Each structure stands twice: as C-alpha cells, then as structure tokens.
Amino acid sequence: MSQIITRRKLLAAGIGAAAGAAHFTVASRLGGWSGLLPPDHAGIYGVGETLTYGAQRLLMSLRSSAREFSPNEISRIAPVNGGPPQSDAYARLSAGHFDDWRLVVDGLVARPSSFSLAELKRFPARRQITHQACEEGWSFIAEWIGVPLSYVLGLVGVSTRARYVAFFPFDESWDSLDMGDAWHPQTLLAYGMNGRDLPDGHGAPLRVRVPRQLGYKSVKYLSRISVVGTLKNIGAGLGSFSPEVGYSWYAGI
Ligand SMILES: Nc1nc2c(c(=O)[nH]1)N[C@H]1C(S)=C(S)[C@@H](COP(=O)(O)O)O[C@H]1N2
Ligand SMILES: [Mo]
C-alpha cells in the first residue's frame, strides 16, 4: 500500500507522467541515467519497481528516519516469520551457543574480516525501539540492540566502487541494501531483542534490522556480508531472494 503512496508522489512530481505512459525502456533510461535503477528492474514488474525506487530516492531524504517508540509501546507478542535454518552447520553452531560462529565481511573492502559475536558486542552499540512490518499484514514493535552496520563498514573500509551490501544467511533468504540504506544510522546488525540475546526464531545470533523497509529486508541468521558493485552475479541477479518469489527488492515504508 505504501507503494501506491510513493507512486502518487511520483506522479505529483511529474516524472511518472512521462515514464508511466511510455514503456520499460523509458523507465529504465530514466533510472539508469540518474542511477535510480533497482536491481530487479528487468523483472516482470520492472517498470513499477523502477518508478517506486526512483521516486523514493528522488523525493525522500536518505537521512529521514523510521519512527522510534517508547518502552511502553513494545508489543507483548512478537511473531516469527521464517524459523531457524534447517542446515546441520546452523544446528551445530546453535548447539554451541554460537561460540564458533563468525560474521564474514568481504567483497569491495580494504580489509576483509570476520567477527565473533563477542567482538561485535564490544563495538559501540545502538538500541532502538522500532516497528517491524511483514508484507503478510502483521507487525510488532520491539527493542533491538546491535552495532550499526555503518560502524562495521567503516572498520573494513568500503571501496568507492561499492553500490550494495549483500546479506547471506544460513537459509535461502538472502537480500541486499543500497549504500544509502547500508550507511543509514538506524540500520543495525542486531544481536539482542527486548533485553535478551536474539531469540532463536528471531534470527540468532545476528540479524539485520532495517526499519525503513518491510520485514523481509531484515535478514536473520546472518553468516556473511559482502560489499559489491553489482548484484547481477548473485542468485537470479535480481538483488535478493524476494523478487525471485514475487516481492520487490525495494520495500521502503
Ligand atoms: N534468513 C531469514 N531472514 C528473514 C526471514 C527468513 O525466513 N529467513 N523472514 C523475513 C520476513 S518475511 C520477516 S517479516 C522478518 C520476520 O522477523 P521476525 O521473525 O523476527 O518477526 O524476517 C525476515 N528475515
Ligand atoms: Mo515478512
């Protein structure tokens, strides 16, 4: 539904009139020309995806923040969508309380690195109470604590050729963010929720929390993060698992 709103804003800005009446080539030229083309622009909903993402990036400030709530607004029930991965590797790490788990950070970085949970917990932490909305129609408010992704990106040293950060979990639900959302101060690598370590179903030991987008962008059960210049060579080349199953790569709210 938020997509309708963003498309309306786009129309109001007068860009949509041109691109909407024309076909894919116009939308993709517009996007390519301004660097506003989402990775799933060539999918079956490519024109719409390009308009939505392009409008969002043209009209909304990258610095705008998702709303943060007060402790008494935390939901009593936090549903889980996508339980713990079934792989043996994940089961072994979980049985060992993730002592042997490390987050690998590689790609277009000066210092490819890996971090244990204890190391991540020693970095400057950010605590935020935000709303997580699932595309399936439910949502909840919770407090998350973690290290801002921007801090980790700063440590490893991001190349000027970087355009996206891709997140790889222990299941198939990989995803990616553009550098604007990756550097955003509210984008966290979260290891705690509501005052405890991240519960198993909510993404232990580490998940992304990106409150400016729908829940599926907040990848759980992280294993590796890769800074890339293109997403074309990953999976079906659409930027994440979601467009492969009919959802948008960009899910701004
Ligand atoms: N690795 C992984 N991450 C995932 C999922 C998943 O199945 N696997 N589900 C996504 C979806 S659709 C939503 S709405 C949120 C749900 O987060 P929660 O289980 O903490 O409520 O996680 C997202 N991240
Ligand atoms: Mo979801």
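All ligand and atom numbering here is 1-based and tracks the order in the structure. Keep in mind that what you see is a predicted model, and the values were worked out from it rather than measured.
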Identity and separation of the nearest protein heavy atom to [atom]:
| atom | answer |
| --- | --- |
| atom 21 (O) of ligand 1 | Pro79 O, 2.7 Å |
| atom 22 (O) of ligand 1 | Arg207 NH2, 3.3 Å |
| atom 6 (C) of ligand 1 | Ser173 OG, 3.6 Å |
| atom 12 (S) of ligand 1 | Asn81 ND2, 3.4 Å |
| atom 15 (C) of ligand 1 | Gly215 O, 3.5 Å |
| atom 17 (O) of ligand 1 | Gln132 NE2, 2.9 Å |

(request) Could you tell me if any non-hydrogen atom of Met193 lies under 4.0 Å from any atom of ligand 1? (result)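 Met193: no contact with ligand 1 (<4.0 Å).
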(message) Looking only at the side chains, is there a donor atom on one of Thr50 and His41 sitting less than 3.5 Å from an acceptor on the other?
(response)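 Their side chains do not contain a donor-acceptor pair, so the 3.5 Å distance test is not met.
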(message) Is a donor from one side chain sitting under 3.5 angstrom from an acceptor on the other, for Thr52 and Glu49?
(response)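 Distance-only check fails for Thr52 and Glu49.
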(request) Record the part of Pro85 in heavy-atom contact with ligand 1 below 4.0 Å; permitted values are side chain, backbone, both and neither. (result)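 Neither; nothing of Pro85 gets under 4.0 Å from ligand 1.
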(request) Tell me which part of Lys217 gets within contact of ligand 1: side chain, backbone, both or neither, using heavy atoms under 4.0 Å. (result)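 Neither part.
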(request) List the steps and the verdict of side chain to side chain contact (heavy atoms under 4.5 Å, CB included) for Arg212 and Lys217. (result) CA-CA 9 Å; Arg212 303 198 315 161; Lys217 301 296 285 188; over 6 Å; no
Going by the closest heavy atom to [atom], which one wins out of [options]?
| atom | options | value |
| --- | --- | --- |
| atom 7 (O) of ligand 1 | Ser218, Gly82, Ser139 | Gly82 |
| atom 1 (N) of ligand 1 | Val80, Leu222, Leu198, Asp171 | Asp171 |
| atom 19 (O) of ligand 1 | Glu172, Glu135, Lys220 | Lys220 |
| atom 10 (C) of ligand 1 | Tyr247, Tyr216, Phe140, Phe167 | Tyr216 |

(message) In terms of relative ring orientation, are Phe123 and Phe115 parallel, tilted or perpendicular, with 30° and 60° separating the classes?
(response)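 The arrangement is perpendicular - the two ring planes meet at more than 60°.
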(request) Could you walk me through whether Ser242 and Asp175 pass side chain to side chain contact (heavy atoms under 4.5 Å, CB included), step by step? (result) CA-CA 7 Å; Ser242 10; Asp175 217 307; 3.3 Å; yes
(request) Identify the two heavy atoms, one from Arg207 and one from Ser218, that lie closest to each other, and give their separation to 0.1 Å. (result)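 Between these two residues, the closest heavy atoms are NH2-O, 3.1 Å.
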(message) Any nitrogen or oxygen of Trp138 lying under 3.5 Å from a nitrogen or oxygen in ligand 1? Just yes or no.
(response)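 It does not: no N or O of Trp138 is found under 3.5 Å from an N or O of ligand 1.
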(message) What I want to know is whether Pro169 and ligand 1 share at least one N or O pair that is separated by under 3.5 angstrom.
(response)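 N/O-N/O distance below 3.5 Å does not exist for this pair.
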(message) Can you tell me how far apart CZ (Phe167) and CG (Leu149) are? Round to the nearest 0.5 Å.
(response)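 Output value for this atom pair is 5.0 Å.
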(request) State the CH2-CD distance between Trp249 and Glu244, to the nearest 0.5 angstrom. (result)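 Between atom CH2 of Trp249 and atom CD of Glu244 there are 14.5 Å.
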(request) Show which atoms of ligand 1 fall inside a sub-4.0 Å distance from at least one heavy-atom site of Val219. (result)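 By the 4.0 Å cutoff, the relevant atoms are 3 (N), 24 (N).
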(request) Would you mind running through ligand 1 and noting each atom that sits below 4.0 Å from a heavy atom of Cys134? (result)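 With Cys134 as reference, the close atoms of ligand 1 come out as 14 (S).
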(request) From the options Trp174, Phe98, Phe170, Tyr90, select the one residue that forms a ring pair (Phe, Tyr, Trp, His ring centres under 6.0 Å) with Tyr221. (result)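 Exactly one candidate clears the test, Tyr90.
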(message) My understanding is that only one of Thr130, Asn194, Ile129, Leu189 makes a side chain to side chain contact (heavy atoms under 4.5 Å, CB included) with Trp144; could you say which?
(response)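 In the set Thr130, Asn194, Ile129, Leu189, the residue that makes a side chain to side chain contact (heavy atoms under 4.5 Å, CB included) with Trp144 is Thr130.
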(message) When you group the ILVMFWY residues by side-chain heavy-atom contacts below 4.5 Å and let the links chain together, are Tyr250 and Val228 in the same group?
(response)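 As far as the 4.5 Å side-chain criterion goes, Tyr250 and Val228 are connected within one cluster.
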